[in-house]
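The structure appears below as structure tokens.
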Amino acid sequence: MDVNAAVAAASAIAGLCTGVIAVLAFRWSEREQARPTRTSLRPDAAAVLPPGVDTVLSVLRSSAVVLDEGDTVVKASSAAYALGLVRGGRLAVDQMLQMARETRRDGEIRQVELDLPRRGAGRGEGLAVSARVAPLGSRLVLLLVEDLTDARRIEAVRRDFVANVSHELKTPVGALSLLSEAVMDASDDPEAVERFAGRMQIEAARLTSLVQEIIDLSRVQDDNPLDDAEPVAVDDLVAEAVDRCRHPANAKQITMATGGAPDLYIWGNRSQLAAALGNLVENAVNYSPARTRVGIAGRRVAAPGGDLIEISVTDQGTGISEKDRDRIFERFYRVDPARSRATGGTGLGLSIVKHVAASHGGEVTVWSAEGQGSTFTLRLPEAAVSRDARDRSTAVAAEEGEPGPGSGSSSALYETFPDHIPAPEVLP
């Protein structure tokens, strides 16, 4: 009997405890649901705001902050917190707070552009914003803030580009003007006329090349190359680049050696890929000493997201110093301006290569050592047709008992060039 009474008492206590826990959990749940969210600091924000305003603010792209008559933040968007405009329930930017007070006093809409320190960033890295303050009803003030940082950066890039283009165009145009005057003054001297006319042809060719590369760069930046994408054979790109540079290479007695793995395909825009590789080969020829070697080779490399195709262009030129290596892909940047004028360089070729590689989902890298030479490598995603051809070749080789195309070294040429550059060797 005593045992049954003890069991009954224990059961009653357990039930009482369960009931108390359930009541506490219910109360805690109600409290959490009633707690204001980060975008609504006051529990009665919905009642304070005019009807429909809360919905409108939630879909605005601008950062929005609503202040009451005591400068307390009634509502703030997540973007306002991200920009650091609101901290501790107060507007953290003094200029905006002053604008809000003036608007509350006279009811006038105000707008201003400000440079603000970036939250958590080092010195010199700021935010450019446009702030607009307007009255919202009789008691509230609405602050809308637009982040202009990216727009300012793009505008600065465009402004620098226009300035650089203007400077680059002035040089050949000015030279043509002076040479034409010289031709007129030397009309009685056939030798002088012939000499000046030859210089005019050189400057005209430089001007034509500069204009064409500006057009190419603009097209690469504005167009989506994958809209007209197709499988492009690496062998065809190499052959086209070699043919493009054959005349200047022969004039300097430069040997152009090609090789690498066969049946490689890249998915992309053929004309842009040909222009990019052509620029790399042309630079290698222009900046190589006479009677040296330029190598172009392709190979397949494994990558986590799928195999990549690497096309490397190696020269035995003077090389690039470490301080210049990080800037050679900038527009109009020249390692040696005097040498660039002699070779007709515009400073846009490598910038075009960089944009073509990026727009095709790849990259371009450079290895260089002063006095030894340079290797530029285009690394781009492999096209599916290339994998199909490899699988077929592997199957045929397996049936004939021979090693497949990927089982051994792809090419003795490629082993010579991409990983290290031999010291400049003058060919006989």
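All values below were derived from every heavy atom in this structure, side-chain atoms included, with hydrogens, water molecules and symmetry-related copies excluded. Predicted model, so just to flag it, every value in this text is computed and none were measured.
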* Asked: Could you walk me through whether L280 and L350 pass the side-chain contact (heavy atoms from CB on, under 4.5 Å) check?
  -> CA-CA 7 Å; L280 292 180; L350 290 179; 3.7 Å; yes
* **Evaluation steps, side-chain contact (heavy atoms from CB on, under 4.5 Å), between Y287 and I320** => CA-CA 11 Å; Y287 290 93; I320 305 170; over 6 Å; no
* Criterion side-chain contact (heavy atoms from CB on, under 4.5 Å) on D315 and T292, from CA distance to verdict -> CA-CA 8 Å; D315 63 63; T292 54; over 6 Å; no
* For V112 and Q95, run side-chain contact (heavy atoms from CB on, under 4.5 Å): C-alpha distance rounded to whole Å, both residues' side-chain angles, the deciding distance at 0.1 Å, then the answer. => CA-CA 9 Å; V112 67; Q95 298 97 316; 6.0 Å; no
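Taking all atoms of both residues into account, the shortest heavy-atom contact from L378 to A357 is CD2-CB, 3.9 Å. Contact detail for L176 and L207: the closest heavy-atom pair is CD1-CD2, 4.2 Å. Taking all atoms of both residues into account, the shortest heavy-atom contact from F329 to V366 is CE1-CG1, 4.3 Å. Here the closest heavy-atom approach between residue A64 and residue A80 is recorded as O-CB, 4.0 Å. Residue W267 comes nearest to H360 through the heavy atom pair O-CD2, 3.9 Å, listed as atom of the first residue, atom of the second, then distance. Heavy-atom minimum distance, P289 versus G317: CD-CA, 3.7 Å.
Judged by distance alone, the side chains of S62 and E146 do bring a donor and an acceptor atom under 3.5 Å apart. Side-chain N/O atoms of S312 and T377 include a donor and acceptor closer than 3.5 Å.
Checking side-chain atoms of N250 against main-chain N and O of Q253 turns up no donor-acceptor pair under 3.5 Å. No donor-acceptor pair closer than 3.5 Å links the side chain of S351 to the backbone N or O of E330. A donor-acceptor distance shorter than 3.5 angstrom exists from the side chain of K252 to the backbone of N286, with no hydrogens or angles considered. Remark: the backbone N or O of G371 is not paired with any side-chain donor or acceptor of T318 at under 3.5 angstrom. In this structure a side-chain-to-backbone donor-acceptor pair under 3.5 Å is missing from S288 to V285. Looking only at distances, a side-chain donor or acceptor of S368 sits under 3.5 Å from a matching main-chain atom of G373. Of the possible polar contacts, one joining the R104 side chain to the D68 backbone as a donor-acceptor pair under 3.5 Å is found.
Considering CD1 of I266 and CG of L308, their distance stands at 10.0 Å, rounded to 0.5 Å. Note that the CD1 atom of I311 and the OG1 atom of T258 stand 12.0 Å from one another [nearest 0.5 Å]. From F196, atom CZ reaches atom CD of E191 across 11.5 Å, with rounding to the nearest 0.5 Å. With values rounded to the nearest 0.5 angstrom, R110 atom CZ is found 9.0 Å from Q98 atom CD. With rounding to the nearest 0.5 Å, the separation of CZ in R152 from CG in D150 is 12.0 Å. In this structure, CG in D115 is found 8.5 Å from OG1 in T149, a value given to the nearest 0.5 Å.
For the pair L97/D71, a side-chain contact is recorded, criterion being any heavy-atom separation below 4.5 Å from C-beta on. No side-chain heavy atom of L143 sits under 4.5 Å from any side-chain heavy atom of L67. Counting only heavy atoms from C-beta outward, the side chains of I309 and R300 approach each other to under 4.5 Å. Within the 4.5 Å cutoff, the side chain of E102 has heavy atoms near those of the R105 side chain. Between R244 and N279 the shortest side-chain heavy-atom distance falls below 4.5 Å. Counting only heavy atoms from C-beta outward, the side chains of E181 and M184 never approach each other to under 4.5 Å. No side-chain heavy atom of V141 sits less than 4.5 Å from a side-chain heavy atom of M99. At least one side-chain heavy atom of D236 sits under 4.5 Å from a side-chain heavy atom of R270.
Annotation for E194: atom CD does not count as buried by contact number, only 12 or fewer foreign heavy atoms lying within 6.0 Å.
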